[in-house]
Amino acid sequence: MISIKGSLFFNTSKNIYNISNLRYFTTGSSTSTSQSKPSNIKIYKSTTTNALFNIATEDWLFKEFDTNKQVLYLWRNTPTVVIGRYQNPFKECHLQKMDEDGVVLARRFSGGGAVYQDLGNTNFTFLSSTSTYDKNKNTQIILDSLKSIGLPKPEASGRNDILIDGKKVSGSAYKQSGNRSFHHGTLMIDVNLDSLQKYLNPNKDKLKSKGITSVISRVTNMKTLKPNMTHEEICDSIINEFCKVYGESNVEIEELNTSDLEKIPSLKETYNTLKNWDWRYGNSPTFEHQFEKRFDWGTIDINMNCTKSVIEKVKIYSDSLNPIMIECLTDNLLGVKYNKEGIEIAIERTKNALNNKDIFNKTPVIA
Ligand SMILES: Nc1ncnc2c1ncn2[C@@H]1O[C@H](COP(=O)(O)OC(=O)CCCC[C@@H]2CCSS2)[C@@H](O)[C@H]1O
């Protein structure tokens, strides 16, 4: 068996198991073993379904992986909308519904559009040196792994997608920095399509934003074509194809989980950044939002310009007989965050300034 020094950082259980004719073992910290021949690949699998941890781990791997190796990382998340690095979540997702239902918003480091994920979605990441990075080779590994478990005619389409029967089952995105590159993608096995519809692409025609707009596609779950398909099955199949392509028959799979946060300070730092409002929402391109809200005392037509998701300019038109209240609200909206709490703060300040009259019976819905 080819064995590789275990990472000094991780502390996971060591299991040996077989997939097809390959022999794998999962390993953790200091489980170093004798080395007969250095391997040119490395495989990681997250046993945690926390999207922010998994994306932070991907970034940590990206910065730390041995560029002499080809690296594969497999992971999946509980319900999350993952937006691209340069996207505006206020435009791409229905943040209010996500909030109500406990769906996480994550902003990743790669470009591209917004996807909805839950445990019915498997993610893969291929990391390699930029000089050996080969997107087509990676895509072929995924296509072959789908074929080998019996999925009919998966095909690469356009720059980013894998389709079956003309419907998207996988979307990809990329990142490169110096001699480090990665290519990651989704695999829709059994994603809740009602949720996908519910949380993505709200009708925000009045929100004008710079930045990247998602490319809406017709999607399908592979489980409709292969009813017994599972996350474990597709992971094993990808591992098989990956090993085959790089000529390895015994590999180490390192399992990762949130206990690593306490062992790797830079991982924890990235995790904390990813959790932060400033990264997830604040990092949005500038945008303008116009909406109307009717109260029993009249209608307001609000026009806002936001930078870093903070309201920077406001113009309110109203048929209210109380222009002072409108001026006061305009002033109080300036500088607050473009979210429910920000608007509530502005309304509260306006009410206080106007001797607590209950002029706003409900916070205008903005997100
Ligand atoms: N889970 C999932 N998989 C594939 N396609 C999806 C998914 N959810 C939504 N969609 C569809 O893709 C478009 C957006 O397509 P678009 O091409 O704009 O963006 C992408 O595909 C990005 C893929 C990012 C992959 C990363 C890998 C690890 S974490 S996220 C959306 O409007 C839906 O129609």
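These figures come from a predicted structure and were not determined experimentally. Note that ligands are numbered from 1 as they come in the structure, with each ligand's atoms numbered from 1 the same way.
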Query - Residue, atom name and distance, where the atom is the protein heavy atom closest to atom 17 (O) of ligand 1 - result: K168 NZ, 3.5 Å
Report task. Determine whether more than 12 heavy atoms belonging to other residues, nucleotides or ligands lie under 6.0 Å from atom CD of Q176. Result -> yes
**Report entry** Options G113, G111, A173, ranked by nearest heavy atom to atom 22 (C) of ligand 1, top entry
**Finding:** G113
Query - Test side chain to side chain donor-acceptor pair (under 3.5 Å) applied to S309 and W277, step by step - result: CA-CA 10 Å; S309 300; W277 189 91; over 6 Å; no
Report task. State whether R108 and E58 are salt-bridged, where the test is any N-O pair (Lys NZ or Arg NE/NH1/NH2 against Asp/Glu carboxylate O) under 4.0 Å. Result -> no
**Report entry** Any N or O of S217 closer than 3.5 Å to N or O of ligand 1
**Finding:** yes
Query raised in the report: To which of L187, I216, V215 does the heavy atom nearest atom 13 (C) of ligand 1 belong?
Result: V215
Query raised in the report: In terms of residue, atom name and distance, what is the protein heavy atom nearest to atom 11 (C) of ligand 1?
Result: V219 CG1, 3.6 Å
Query - M188 N/O to ligand 1 N/O under 3.5 Å - result: no
Query raised in the report: So which heavy atom in the protein is nearest atom 8 (N) of ligand 1, and how far is it from that ligand atom?
Result: Y116 N, 3.1 Å
Query raised in the report: So, Y338 versus F287, ring centres under 6.0 angstrom or not?
Result: yes
Query raised in the report: Of the protein's non-hydrogen atoms, which lies at the shortest distance from atom 31 (C) of ligand 1, and what is that distance?
Result: A114 O, 3.6 Å
Requested in this report: Give a yes or no on whether the ring-centroid distance for H289 and F90 is below 6.0 angstrom.
Outcome: no
**Report entry** Option set L200, V82, N121, V115, criterion heavy-atom distance to atom 20 (C) of ligand 1, minimum
**Finding:** V115
Query raised in the report: Taking 4.0 angstrom as the limit, do K244 and E241 come out as a salt bridge?
Result: yes
Query raised in the report: Between G113 and Q87, what is the shortest heavy-atom contact and its length?
Result: C-OE1, 3.1 Å
Report summary line: ligand 1 atoms nearer than 4.0 angstrom to some heavy atom of R108 are 22 (C), 24 (C), 30 (S)
Report task. Pull out every atom of ligand 1 sitting under 4.0 Å from any heavy atom of G185, numbered as shown with elements. Result -> 27 (C)
Query - For atom 25 (C) of ligand 1, closest protein heavy-atom neighbour - result: G171 O, 3.5 Å
Report task. For ligand 1, indicate whether the residue W75 contacts it via side chain, backbone, both or neither (heavy-atom separation under 4.0 Å). Result -> side chain
Query raised in the report: Considering residues, nucleotides and ligands other than Q140, do more than 12 of their heavy atoms fall under 6.0 Å from its CD?
Result: yes
Query raised in the report: Would the W60 and F53 ring centres measure less than 6.0 Å apart?
Result: no
**Report entry** atom 4 (C) of ligand 1: nearest protein contact (heavy atom, Å)
**Finding:** T186 OG1, 3.3 Å
Query raised in the report: Using a heavy-atom cut-off of under 4.0 Å, does the side chain or the backbone of Q117 touch ligand 1, or both, or neither?
Result: side chain
Query raised in the report: Should T78 and L119 count as side-chain neighbours, where that means a heavy-atom distance under 4.5 Å?
Result: yes
Report summary line: Within 4.0 Å of some non-hydrogen atom of S214, the atoms of ligand 1 are 18 (O)
